[in-house]
Amino acid sequence: MATDIKHYQMFINGKHVDSDELDEIRDPATEEVYATIARGTAAHADAAVTAARAAFESGSWSRLSPAARSKVMTEIAERLGSEIEDLVELEIHGNGATVRQAMGFHVGYAAPHFSYFAELAASYQWERQVPTPAIPTLSTNVIRHEPLGVCATIVPWNFPLLLGIWKIGPALAAGNSVVIKPDEKTPLTLLRLCEIAHECGVPDGVINLVTGPGAEVGARLAEHPDVDKVAFTGSTPVGREIMRLASGTVKKVSLELGGKGAQLLLDDADLDVAIDGALFGCMLYSGQICESGTRLLVSDKMYDLVVDRLVDRASALKLGDTNDFNTDVGPVISARQRDRVLAFLDSARQSGAKVVLGGGAPLGERFTKGYWIEPTILAEVSNDMEVAREEIFGPVLCVLRYTDEADAIRQANDSQYGLSAGVWSTDYERALEVASQLRAGTVWINNWHQIDPALPFGGYKQSGLGRELGPHALDEYTETKHVHIDLTQKVERHIFGALLSEPRA
Ligand code: NAD
């Protein structure tokens with residue numbers, strides 16, 4: 001291993017913490033070791049939770065005014081914005097995003113989304129008074145939103161910084177302490193966020209990051225008796241396991257899980273918009289996005305024309321150097337993921353799907369290193385095939401046929417998932433009517449991947465539990481307390497007679 005490879009450590013209680021073991025971070029486009037990171041253990045998770053709990057109890061952050069927290073968070077957002085190029089570099093080498101995608105989405109969204117939570121800290125209604133009538137007794141009532149305590153944040157490798165911010169932002173805004181568990185392959189941008197937060201004045205122990213295997217470190221956080229909430233993004237099977245682990249101490253859980261988004265192309269769609277949009281919806285970041293539109297539903301009437309136009313347009317996608325602004329499609333995250341996608345493509349062929357574009361690993365000198373899959377279009381896919389039911393997480397668009405609108409809606413909803421869906425149509429009334437029948441947390445009409453921090457995001461069915469983003473995001477990171485204040489003053493006006501029927505002596 002080259003000696004100039006930088007080694008990174010965990011961040012616990014305001015300090016960098018190393019470990020006896022390390023993990024290598026390999027650039028998915030080259031397979032070269034880009035950096036190494038300390039590999040944390042359950043003991044590190046325990047140390048981070050202890051620090052987070054002590055910080056919470058000390059009030060150093062939890063009892064700051066919301067305005068003071070908002071001020072520190074605004075500084076953090078500004079720093080994220082000013083460090084965008086360094087963060088983009090870390091993300092390109094960590095998760096294989098292309099520079100255009102990292103600038104536009106992976107890191108480009110980070111500062112504005114963090115800034116949204118900084119503003120929300122100041123504008124959220126932390127407390128409100130609810131007067132009640134004088135019956136049965138004169139009183140007033142206060143409803144308060146208080147921080148939960150220690151929040152564990154477990155995120156996957158595809159959008160580590162952004163998906164982390166969707167949890168860390170509202171958790172910090174509400175006054176909680178946080179323990180972050182990134183994926184083993186992509187800890188660096190979240191580590192930098194911890195350092196920036198500390199430099200901007202977030203006290204020791206309030207934000208911590210522990211690395212290491214999910215089944216050890218993530219599982220310890222999910223079951224830890226001193227963790228009050230676990231916020232998770234990742235696969236549906238691990239989401240189920242986290243719910244099970246969290247149930248031991250009845251901790252709060254929010255889950256953002258898998259998806260199998262259906263794109264409904266109606267016959268009146270503008271095909272210039274729909275063809276480009278369908279490819280954008282599926283192929284962005286090599287299809288490794290939970291809300292990708294991976295099933296395109298097209299009427300029998302339009303089917304051949306749409307498939308031809310998709311192939312024509314997708315053939316122009318440039319695969320290659322992730323640092324090049326002209327590259328459209330980068331690698332997939334790992335050799336394991338590449339092999340998994342290739343196995344799905346075999347299964348598609350065996351079950352009768354037609355590979356009309358791509359279908360394997362690309363050839364050529366450039367692709368002898370790295371984890372590559374050609375942009376692939378599968379035609380004649382039916383909704384009962386494995387490729388239509390399971391998350392592939394690769395640049396693979398499945399094109400399905402429908403007979404009429406009701407059939408399209410039925411197939412779209414025939415999935416264990418319900419994260420995203422979309423409609424391509426020039427008739428907005430019709431598109432809205434279809435949208436109302438789709439069982440998905442987000443429905444895009446004539447667009448895809450539009451995620452606004454002020455609008456809720458999350459899944460129906462086995463795509464998750466709870467919603468991230470939007471003005472109610474903080475509700476998920478607070479306890480609601482009702483304080484009742486009796487104003488009668490005189491004992492004889494109280495309703496204690498329900499128990500004490502004897503008059504006073
Ligand atoms: P994963 O579930 O394997 O891992 C996600 C995280 O959980 C990682 O940090 C991992 O280390 C940790 N983990 C693994 N096993 C664990 C365990 N037993 N206990 C606790 N933590 C554990 O997911 P992945 O393969 O890394 O990511 C891809 C998945 O994430 C896809 O299914 C995708 O759809 C989903 N995803 C969902 C959203 C969303 O918002 N709904 C967003 C992005 C990704």
Side-chain angles (χ1 to χ4, degrees), residues 23 28 37 39-42 45 94-97 105-106 109 113 152-167 179-187 190 209-224 227 230-248 251 253-261 284-294 332-334 336-338 340-341 344 389-394 415-420 440-442 449 451 456-469 473:
D23 278 310
I37 178 86
R39 184 190 299 165
T41 61
N95 68 9
F105 288 85
H106 288 77
Y109 275 6
H113 285 213
T153 289
I154 305 177
V155 287
W157 44 264
N158 57 351
F159 288 77
L161 182 62
L162 192 63
L163 297 174
I165 282 174
W166 290 5
K167 299 159 183 59
V179 180
I180 307 162
K181 167 34 201 124
D183 187 274
E184 299 86 306
K185 298 177 279 304
T186 53
L190 281 170
L209 180 138
V210 184
T211 55
E216 180 183 351
V217 177
R220 177 64 185 143
L221 292 174
E223 69 175 8
H224 200 296
V227 169
V230 54
F232 171 77
T233 296
S235 60
T236 297
V238 174
R240 284 191 202 106
E241 174 64 4
I242 283 180
M243 269 184 108
R244 193 186 67 74
L245 292 167
S247 70
K251 52 174 65 78
V253 176
S254 56
L255 304 172
E256 299 285 359
L257 308 174
K260 195 74 201 174
L284 186 73
Y285 185 47
S286 301
Q288 302 172 111
I289 312 182
C290 51
E291 20 83 23
S292 294
T294 49
V332 295
I333 184 75
S334 61
R336 186 168 157 258
Q337 185 62 16
R338 177 197 55 206
R340 194 170 165 266
V341 176
F344 274 120
R389 307 210 71 81
E390 301 294 328
E391 241 188 344
I392 300 175
F393 246 48
S415 170
Q416 63 167 319
Y417 298 117
L419 187 60
S420 67
T442 300
H449 296 307
I451 293 182
F457 181 81
Y460 281 39
K461 299 190 265 183
Q462 294 188 41
S463 285
L465 204 62
R467 291 291 179 273
E468 297 193 294
L469 307 179

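Note that these values count all heavy atoms, side chains included, but never hydrogens, waters or copies made by symmetry. When a ligand or atom number is given, it counts from 1 through the structure's own listing order.
- Between V230 and L221 there is no side-chain heavy-atom pair separated by less than 4.5 Å.
- Annotation: side chain of H449 is in contact with side chain of S292 (closest heavy-atom distance under 4.5 Å).
- Considering only residues two or more places apart in sequence or on other chains, F159 meets the ring-ring contact (aromatic ring centres under 6.0 Å, His included) condition with H106, Y285.
- Y109 and F105 have tilted rings, their planes meeting at an angle from 30° to 60° on a 0 to 90° scale.
- The main-chain N or O of G248 is never found under 3.5 Å from a side-chain atom of E223 such that the two would form a donor-acceptor pair.
- Looking only at side-chain heavy atoms (C-beta outward), D183 and P160 stay at 4.5 Å or farther from each other.
- Listed by chain and residue number, the protein contacts of ligand 1 are I154, V155, P156, W157, N158, L163, K181, P182, D183, E184, G214, A215, G218, A219, F232, T233, G234, S235, V238, E241, I242, E256, L257, G258, C290, E391, F393, L419, F457 (heavy atom within 4.0 angstrom).
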